[in-house]
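Scroll down for the structure; my scribbles are underneath it.
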Amino acid sequence: MKYLRKDRLPNIFCPGCGNGTILNSFFRGMESEGIDLKEIAMVSGIGCSSRIPGYVKCDSLHTTHGRAISFATGLKVGNPDLNVVVFTGDGDAASIGGNHLIHAARRNINLTVICINNTIYGMTGGQISPTSPEGSIGTTAPYGTRDKPFNLSELVVAAGASYVARWTTIQPLQLSNSIKKALNNPGFSFVEVVSQCPTYFGRKNKLRTPVDMVKSFKENAINKRKADKLIADGKEDELIGKIIVGEFINKKRAEFSDNVCNLSKQQCGEEHATKSAYLSKLEY
Amino acid sequence: MIKVDPNLCKGCDLCIEVCPQKVYENSSKLNKKGVYLPCPKREKDCTKCHLCELICPDQAITVEDDKMGNEGDESND
């Protein structure tokens with residue numbers, strides 16, 4: 001509560017929206033890591049979840065649709081001491097900004113991306129998103145969608161991120177632990193949170209109240225280790241419709257802004273090429 | 001001491017669902033915003049796990065540890 005801009009409250013989110021829970025978990029993870037809000041810059045794109053930085057007392061950047069990660073890349077390279085956190089939704093990160101997401105993961109730039117995956121386009125009226133589960137009903141799919149959804153965490157692991165975890169909003173403690181690790185991790189950290197959208201997803205898919213949606217998460221969540229065991233035993237059919245939660249990868253490798261600093265040290269003898277160019281111009 | 005801010009709560013009932021000790025119960029009448037506020041009816045059972053505080057999407061709940069000894073101030077009914 002002390003981190004929020006009190007004049008903006010109550011927030012704009014629908015009753016029972018998962019965004020607030022994720023914000024609370026973020027504060028908890030940040031507190032236990034011992035990071036002050038002054039060292040953090042929040043970047044967001046367009047969407048319900050991207051309104052989160054507007055409620056927090058910190059430096060924030062509200063950018064164009066899908067380009068949150070590219071703006072954050074610039075911010076991080078310009079000032080590598082800053083802790084850059086990107087709040088993004090599934091439409092923002094997976095559909096319009098999908099390319100930026102995989103390339104940020106490939107470069108392994110030190111960002112913390114918290115992707116709030118509510119499996120639908122909530123702000124624009126309930127259209128089917130790339131992460132909507134097969135058979136779910138939306139405004140653009142009145143007979144149920146036939147497409148296979150993106151498995152965002154697996155995608156980012158394959159692209160080369162160094163920390164990836166997925167949780168749902170009913171596991172706020174595990175989520176805050178993961179956010180703590182993600183903030184601490186030097187490299188691209190991706191935390192996917194499966195969140196509820198009772199207004200658009202729930203209403204059309206027979207999960208009308210937030211409590212129903214949260215209960216369905218509780219029933220369908222299955223830990224990564226258990227899921228791996230099931231796959232090893234050849235019982236993959238049992239995983240249909242389940243949400244695999246847990247840590248997907250936690251492996252350090254060379255980081256992008258360090259590489260840039262090393263390169264500028266080698267070539268110009270100074271650590272921050274961008275900063276020095278700016279300063280020398282000011283002297284004239 | 002559990003406080004529910006009537007100006008922030010939107011009545012999603014997630015705290016009622018998530019509480020392991022079943023401390024909360026819905027109030028019987030609507031408030032001026034048209035919301036059935038959750039009331040901490042069985043506050044004695046509360047183990048101060050702060051899960052309701054963490055799950056509340058509207059940051060309406062504050063659970064204070066009983067060190068001051070202030071009780072009997074219930075603004076929710």
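Every chain is numbered from 1 and lettered A, B, ... according to where its sequence line falls, protein lines coming before strand lines.
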Below 3.5 angstrom, are there any donor-acceptor pairs between chain A and chain B, and if so, which atoms and how far apart?
residue: A/Asn11; atom: O; partner: B/Lys10; partner atom: NZ; Å: 2.8
residue: A/Asn11; atom: OD1; partner: B/Lys10; partner atom: NZ; Å: 2.7
residue: A/Asn11; atom: ND2; partner: B/Pro57; partner atom: O; Å: 3.4
residue: A/Phe13; atom: O; partner: B/Lys10; partner atom: NZ; Å: 2.6
residue: A/Gly20; atom: O; partner: B/Gln59; partner atom: NE2; Å: 3.4
residue: A/Thr21; atom: OG1; partner: B/Ile55; partner atom: O; Å: 2.8
residue: A/Asn24; atom: OD1; partner: B/Gln59; partner atom: NE2; Å: 2.9
residue: A/Asn24; atom: ND2; partner: B/Glu53; partner atom: O; Å: 3.3
residue: A/Asn24; atom: ND2; partner: B/Leu54; partner atom: O; Å: 3.0
residue: A/Asn24; atom: ND2; partner: B/Cys56; partner atom: O; Å: 2.9

| message | So for B/Ile16, is it side chain, backbone, both, or neither that comes closer than 4.5 Å to the heavy atoms of chain A? | response |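 For B/Ile16, there is no contact with chain A at all, as no heavy atom is under 4.5 Å.
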| said: Can you confirm whether A/Leu239 is buried at CG, in the sense that more than 12 heavy atoms of other residues, nucleotides or ligands lie under 6.0 Å from that atom? | reply: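 It does: A/Leu239 CG has more than 12 such atoms within range.
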| said: Is it the case that over 12 heavy atoms from other parts of the model lie below 6.0 angstrom from the NZ atom of A/Lys224? | reply: yes
| Qualifying residues under side chain to side chain contact (heavy atoms under 4.5 Å, CB included), relative to A/Ile137, sequence neighbours excluded |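 Side chain to side chain contact (heavy atoms under 4.5 Å, CB included) list for A/Ile137, sorted by chain: A/Lys204, A/Asn205.
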| field | Shortest non-hydrogen separation from B/Pro57 to A/Cys17 and the atoms involved | value |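 Looking at all heavy atoms of both residues, the shortest contact is CB-O, 3.1 Å.
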| field | Nearest heavy-atom neighbours spanning B/Cys12 and A/Pro210 | value |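 Answer, listing the atom of B/Cys12 first, then A/Pro210: O-CG, 3.7 Å.
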| message | Heavy-atom cut-off 4.5 Å, strictly under: side chain, backbone, both or neither for A/Leu4 against chain B? | response |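 Answer is side chain: those atoms of A/Leu4 sit under 4.5 Å from chain B.
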| So what's closer than 4.5 Å to chain B heavy atoms on A/Leu175: side chain, backbone, both or neither? | neither
